[in-house]
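Down below is the structure, laid out as structure tokens.
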Amino acid sequence: MSQTDCPPSTSNVAPSQELVRCPDCSQPRFFKGQRGLKIHHGKQHRQPSSTQPPPPPAHVPTDHNHSRPAGGGLWKQLAELKSTCPVVARIPRGARNTVAASLSKCIRQTIETNDVSSWEQFFTFSYRTLHVTRDGKSSGSLTQKIKNNCTHPTETDNPHPPSNRLPHRNTAQLVERKINAGDIKGAAQLLFSSDAAAPDTAETLSALESKHPLSSPSSQLPPPPDPTERTPTATVEDVQAAVASFRGGSAGGLDGLSPQHYKDLIFGTTGDTGRVVLESVTQLVNLMLSGKVCTEITDVLYSANLCALKKKDGGIRPIAVGNAIRRVVSKICCKHIAPILSDKFQPTQLGFGSKGGCEAAVHAARAFLTSGAGEVLLKVDVRNAFNSVEREALLTQIKEVVPEIYHYMWQCYGEKTKLVYRNHLLYSAAGCQQGDPLGPAIFSLAIHPVITKIKSKFNVWYWYLDDGSIGDEASTALQDLDSMIKEFQNIGLELNFSKCELFINPNLPTDKQTDIHSKFNSLAPGIKILNKSSLRLLGSPVLDESIPKYIDDEITKFQESSHRLVQINPQIALVIIRYCLFVPKFTYVLRCSPIWRHQNLLNNLDAMIRNILTEILNCQLDNRSWAQASLPIRFGGLGIRSASSVALPAFLSSAHSTAGLYGKIIYPSLGDAEVTYLAEARSAWSDIAGPQQDVPRLPESQRLWDEPICRQVQENLLETATNPADRARLMASAEPESGHWLRALPSASVGTLLDRNTFNLSVCLRLGCKTNEPHRCRCGDPVDQLGHHGLSCQRSAGRLPRHAALNDVIRRAFASAGIPAILEPTGLARDDGKRPDGMTVMPWKYGKCLVWDATCTGTVAPSHIQGSAAAAGTAAAAAENLKRRKYNGLSDSYILVFVPFGVETLGPWGPEARRLVKELSSRLVEVSRDQRAGSYLSQRISLAIQRGNAASLLGTIPGDGSELKEIFYL
């Protein structure tokens, strides 16, 4: 029995830190030391527990792959902790320095001793320090509890495991939680995915076992690495970049430490603490890169937490999540070997190290087919490829091609590693470990000797790397298919014939097409035959004939699921659409297919997007408002792009950015040939942008192709504005500050989530849509359907709350930058008794304190409309000048710096406000070490304005409704 299958060693563990399981609880619960266990028993069981170790679990799971008891080793302990001891998703800011110091100490101890005991301390760190109590009995802030956990360990009682608490949440709540974690893509997947958690049954376990086969008995691994061979060394910059590359909401492995925890400690600490923890993590990374990790612990360090999803077709999709530190090391290895493998793989393998490889493959396939260079195009699919390829092939190729990472990869793949599914143990004994960032690279290495033997002129492997296409004369492609079947078997792979597809040149005689089909079907039974309308590569239509069916399928798919967007907060829905749905979801297809040639089909897609947006925002989008909404935020829109406007710039950008790789792919069969339809696309772009518009200096940039088209739409809207207020609104919307609220992540936990009414009214004001039925304000003045009167009414209900919110945001920003400030300072009154809004308590610069006075003036107020229609921001600048004149005497009487802070209701800021926010943002970035701190401040100011605007519009309604029979808010 290996050391990891025995109960965890505690010989070098402080008694106060040892995790002890309660023998009397129905569900597994762990506590820190015998003291914590006694406290728990005194509270829950009324009888103090004996000091004897708790008995082992009554049920011992079975190791299904090897038919022996799985034991209750470290993996079992971590699995139970994972399910019963929840940890905080984010480390509170006030506790980060303490946690960082504690983690640094734990890592240093792990590096110095490098034994089972020290690694156990590292693996259980999150459960000892970042756990939360669910019983609701303990008092104190979360920050203080976590700080106490680092210094004075307490029990980690959790009577309600997370898995038992989540089912009662509805989809909207779960989506909101994902957004709060910054995981927009995860929120979209949760909202639209049809996969569900598979039940914990024997059938599920059997399906998971079939996905992770044992290695072949004849497989012989290459010799272990030579200790004298060179290994890569990671720098702190490498670790920083690897940690920052994780997307928000990424899960943690069995050790409970998620990438977000590392982000909080590395980027969210102050002083030298963050640097210390970063250096400690870097040292641990280098220990792993050297392949010198304690061998008794590698099967747990490189293990993964496994979950199973049930697919629509009834199959099982395994999802494995490895420890975050292992994924960091693999990301660093990927960066190190990418240049080497990119040169080796191109132009046949495009799934790793080839930017734009998928797009280049589609462009090349189109050129190959339209030129008639071959009789067939064969698409092959490898069954369960990543989990089945022999590790002999993996490690042999790694040792030969990239020997510098062989030490690390030997520890990862030299022995079977554990996959923990609930309380079941499976082994990863063959193939690449799922979730390993190095998986695509090493899989490509393993199959590369097979790929290079293919003789077909068109030979491209791409995307998920287990899919490929070959094209040539039928006889050559048939020989290559036969060779692939045999060669793949030698490394543990087999083709999935039911998913292989064959396209036969329709210009061939019918009898020859039949003969070709018969020959391929005899070699690959059940192979599917494609025609022009069904031919797709990497999910993209290849030929013109396949585009209509693709668009129809996408519209049907969107219509079936778009109703789910209405069920969630509209601000969250808009963010999901902007980043994950509709145009963003198939921008890749727009880039590599000439869909821009089918404007009628694109118009149908745009009409569907427009209808869905109308339902979500609860406002009528006419042609003008839809044209504005479909512009980028920087041009005054909502950032919901229309497919018809993006398709042409996307195609042009892709054709230019992949030109080099495209040429390598097609050169053997077509020589030097331009991307199909590229000349036509340039001509179409010139017709839209104007003959005077030059080709972008960086033709690979989609943004540079897109901007002239967007600018024309914006200028057309301004030229056709019907009145000064409409023109002022359009100009204000295009100012950078007016769109900050649209860029904010809608999180209720940080106060950036707008309620439904506020968000809908804000969008209507930006787009010039109808906000209400015409009525008479409380002040007696008429209010039109746009509601602009409420923004400047002297009795506006939103003026005071907006003013207070702006000052509170500014005061808090000063405090976060280390400059305490107070509101309405005494002793700084004007002659009329009025005081400025706030003052810093400490000097701001030049040894002087800063005093500010904020104001929000109406962009389309009658007194400002002419200036606002001429130049954006005029009203805010005028308000700042007026403030400076009013408080002109303060600078003479006191040693201070006075700054007027002027903003407008429709978004623009005055020049003084811009300068103050810019300087304050730089100080916030310096203090927090978060490059986004400045944008967060701008977003909060913008959101405060929008909340005030909504309150002002709603405040125009008479309280008793006596003057109105009925009011509709749209």
Side-chain angles (χ1 to χ4, degrees), residues 8-22 29-44 49 51 77-78 81-82 84-113 117-158 252 255-258 260-281 283-284 324-325:
S9 171
T10 58
S11 58
N12 297 325
V13 182
S16 61
Q17 293 289 325
E18 179 185 351
L19 290 175
V20 181
R21 178 174 175 174
C22 175
R29 304 181 196 172
F30 288 85
F31 307 93
K32 295 196 186 81
Q34 296 299 329
R35 178 176 176 273
L37 185 61
K38 289 180 180 180
I39 294 174
H40 163 71
H41 270 263
K43 291 180 178 180
Q44 302 292 334
S49 175
T51 58
Q77 180 187 9
L78 293 176
L81 286 170
K82 182 79 174 177
T84 63
C85 187
V87 297
V88 293
R90 297 290 303 269
I91 303 175
R93 188 175 296 275
R96 290 177 185 175
N97 283 355
T98 305
V99 176
S102 182
L103 179 61
S104 298
K105 181 179 179 181
C106 180
I107 291 177
R108 287 196 301 270
Q109 180 68 23
T110 302
I111 296 171
E112 291 172 3
T113 59
S117 178
S118 62
W119 277 102
E120 287 176 2
Q121 287 294 290
F122 174 72
F123 288 140
T124 59
F125 176 84
S126 65
Y127 304 113
R128 289 183 285 110
T129 59
L130 303 179
H131 71 271
V132 293
T133 302
R134 299 287 190 181
D135 56 9
K137 297 178 181 179
S138 58
S139 60
S141 67
L142 181 61
T143 297
Q144 191 58 49
K145 291 177 184 177
I146 292 178
K147 292 173 72 174
N148 289 341
N149 287 344
C150 295
T151 55
H152 304 290
T154 57
E155 61 177 296
T156 57
D157 189 7
N158 178 42
D255 64 354
L257 282 173
S258 70
Q260 186 61 56
H261 292 146
Y262 285 101
K263 289 182 181 181
D264 289 343
L265 298 179
I266 291 175
F267 301 106
T269 53
T270 58
D272 295 331
T273 312
R275 185 72 180 183
V276 170
V277 74
L278 176 59
E279 291 173 352
S280 299
V281 173
Q283 292 173 10
L284 184 62
I325 190 66

Provide the closest heavy-atom pair for [X] versus [Y] in the form atom of the first, atom of the second, distance.
X	Y	value
G252	K82	O-NZ, 3.1 Å
A100	T273	CB-CG2, 3.4 Å
A95	K147	CB-CG, 3.8 Å

* Listed partners of S126 passing side chain to side chain donor-acceptor pair (under 3.5 Å), at least two apart -> none
* Can you list the residues that meet the side chain to side chain donor-acceptor pair (under 3.5 Å) rule with S104, with sequence neighbours excluded? -> none
* Any chance you could measure K145, atom NZ, to N148, atom CG, to the nearest 0.5 Å? =>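 So the NZ of K145 and the CG of N148 are separated by 10.0 Å.
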* Euclidean distance, T84 OG1 relative to H131 NE2, rounded to 0.5 Å ->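 Here the rounded value is 11.5 Å.
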* To do: Check the angle between the aromatic planes of F122 and W119 and answer parallel, tilted or perpendicular using the 30° and 60° thresholds.
  => perpendicular
Contact between [X] and [Y] at the side-chain level, heavy atoms closer than 4.5 Å - yes or no?
X	Y	value
V99	I146	yes
I325	Y262	yes
L257	L130	yes
Q283	I107	no
R108	V276	yes

Measure from the side-chain N and O atoms of [X] to the backbone N and O of [Y], and report whether any donor-acceptor pair falls under 3.5 Å.
X	Y	result
T124	Y127	no
N149	T129	yes
T110	S118	yes

* Asked: For V277, which of L103, N97, D272 qualifies under side-chain contact (heavy atoms from CB on, under 4.5 Å)?
  ->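 Exactly one candidate clears the test, L103.
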* Asked: Under the criterion side-chain contact (heavy atoms from CB on, under 4.5 Å), which of R96, K263, Q260 is the partner of I91?
  -> R96
* Could I get the full list of ring pair (Phe, Tyr, Trp, His ring centres under 6.0 Å) partners for F267, not counting sequence neighbours? =>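 Per chain and number, F267 pairs via ring pair (Phe, Tyr, Trp, His ring centres under 6.0 Å) with no residue.
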* Go through the steps for I111 and L284 under the test side chain to side chain contact (heavy atoms under 4.5 Å, CB included), then give the verdict. => CA-CA 6 Å; I111 296 171; L284 184 62; 4.2 Å; yes
